[in-house]
Amino acid sequence: MGNVVVWAVWVVAAFACIGSGIAVVSFSNPFYSALSLIGNLASLAVLYLLLSAEFVAAAQVLVYAGAVMVMFLFVIAYLGGRADAPWAGSPSWQAVGAIAASAALFVEVIVVLGLKTSGRLSHEGHVGSAFGNPSQIGRLFLTDHLLAFEITSIVLLVAAVGGVILGSHSREPETQQ
């Protein structure tokens, strides 16, 4: 019975992840896209919980769905209705890119399912007891992946400063000529 519940939660979380991912790229309003991205990140956290990665799931919710998405929503609100004005009228290259990425992901899923059913992916790897615990993840963040961790912080800071600069230029009074 417990296995059925796990599969049911997995199916619901997987469909929520796919649905919210499609909603992110299909909404024309950036505010609704950001809210859909929060839903996507939350459904990914549920999938992490099913993998017994509680720390990663909590970090996913707190860091990405919490802090980063709040920053995105503030920038979107600061820019106002002009946030998507530069691309108004011609998002065709974005639609083509989204369709190509979706097709690539679909092909990957089909290949993995084909390999799994043929038995080529039947060998399980050994996962130690320290895998996924907070001390192991903290050690990896602060030793092997410190540069990537800090670069991500700088990129988020630059994004926030860029949003403020874009917002300040859009709020300047227009001069009459």
Side-chain angles (χ1 to χ4, degrees), residues 1-27 29-77 97-157 159-160 163:
M1 180 64 180
N3 199 15
V4 173
V5 173
V6 170
W7 274 104
V9 170
W10 183 85
V11 167
V12 169
F15 279 116
C17 187
I18 291 170
S20 60
I22 291 170
V24 167
V25 297
S26 64
F27 282 134
N29 188 338
F31 183 75
Y32 292 135
S33 290
L35 289 178
S36 298
L37 187 57
I38 292 173
N40 189 282
L41 296 172
S43 60
L44 281 176
V46 171
L47 292 174
Y48 285 135
L49 282 175
L50 291 175
L51 291 172
S52 297
E54 292 86 7
F55 179 75
V56 178
Q60 175 82 13
V61 170
L62 292 174
V63 175
Y64 293 113
V68 173
M69 289 310 301
V70 166
M71 181 189 69
F72 285 170
L73 288 174
F74 276 132
V75 169
I76 290 169
I99 291 170
S102 299
L105 285 174
F106 182 71
V107 168
E108 287 181 34
V109 167
I110 297 299
V111 167
V112 168
L113 287 176
L115 290 175
K116 182 67 176 169
T117 57
S118 68
R120 292 183 185 175
L121 295 178
S122 61
H123 304 292
E124 295 181 5
H126 174 71
V127 177
S129 63
F131 179 77
N133 66 13
S135 63
Q136 182 73 11
I137 292 173
R139 187 191 65 74
L140 284 173
F141 269 157
L142 298 174
T143 56
D144 297 344
H145 303 291
L146 180 64
L147 182 63
F149 187 68
E150 293 300 325
I151 287 174
T152 303
S153 302
I154 292 170
V155 167
L156 289 173
L157 176 67

Exercise. Judged by atom type as modelled, is there a donor-acceptor pair below 3.5 Å linking the side chain of N40 to the main-chain atoms of S20?
Worked result: no
For this session: Considering non-hydrogen atoms only, spot the tightest contact between S43 and A13 and give its length.
Result: CB-O, 3.7 Å
Seminar exercise, completed: d(L49 CG, L44 CG) to nearest 0.5 Å is 11.0 Å
Exercise. Closest heavy-atom contact between S36 and A23?
Worked result: OG-CB, 3.5 Å
Exercise. With a 4.5 Å heavy-atom cut-off, do V46 and V9 have their side chains touching?
Worked result: yes
Seminar exercise, completed: In terms of heavy-atom contacts, A57 and Y48 come closest through CB-CB, 3.8 Å
Problem set entry | Distance (rounded to the nearest 0.5 Å) between F27 CZ and I22 CD1 | 11.0 Å
Problem set entry | Side chain to side chain, L105 and V109, heavy atoms closer than 4.5 Å | no
Seminar exercise, completed: Output for pair (E150 CD, H145 NE2), nearest 0.5 Å, gives 14.0 Å
Exercise. After noting the C-alpha distance and the side-chain angles of L41 and V61, does the key distance pass the side chain to side chain contact (heavy atoms under 4.5 Å, CB included) rule?
Worked result: CA-CA 7 Å; L41 296 172; V61 170; over 6 Å; no
Exercise. What are the two closest heavy atoms between L50 and W10, and how far apart are they?
Worked result: CD1-CA, 3.6 Å
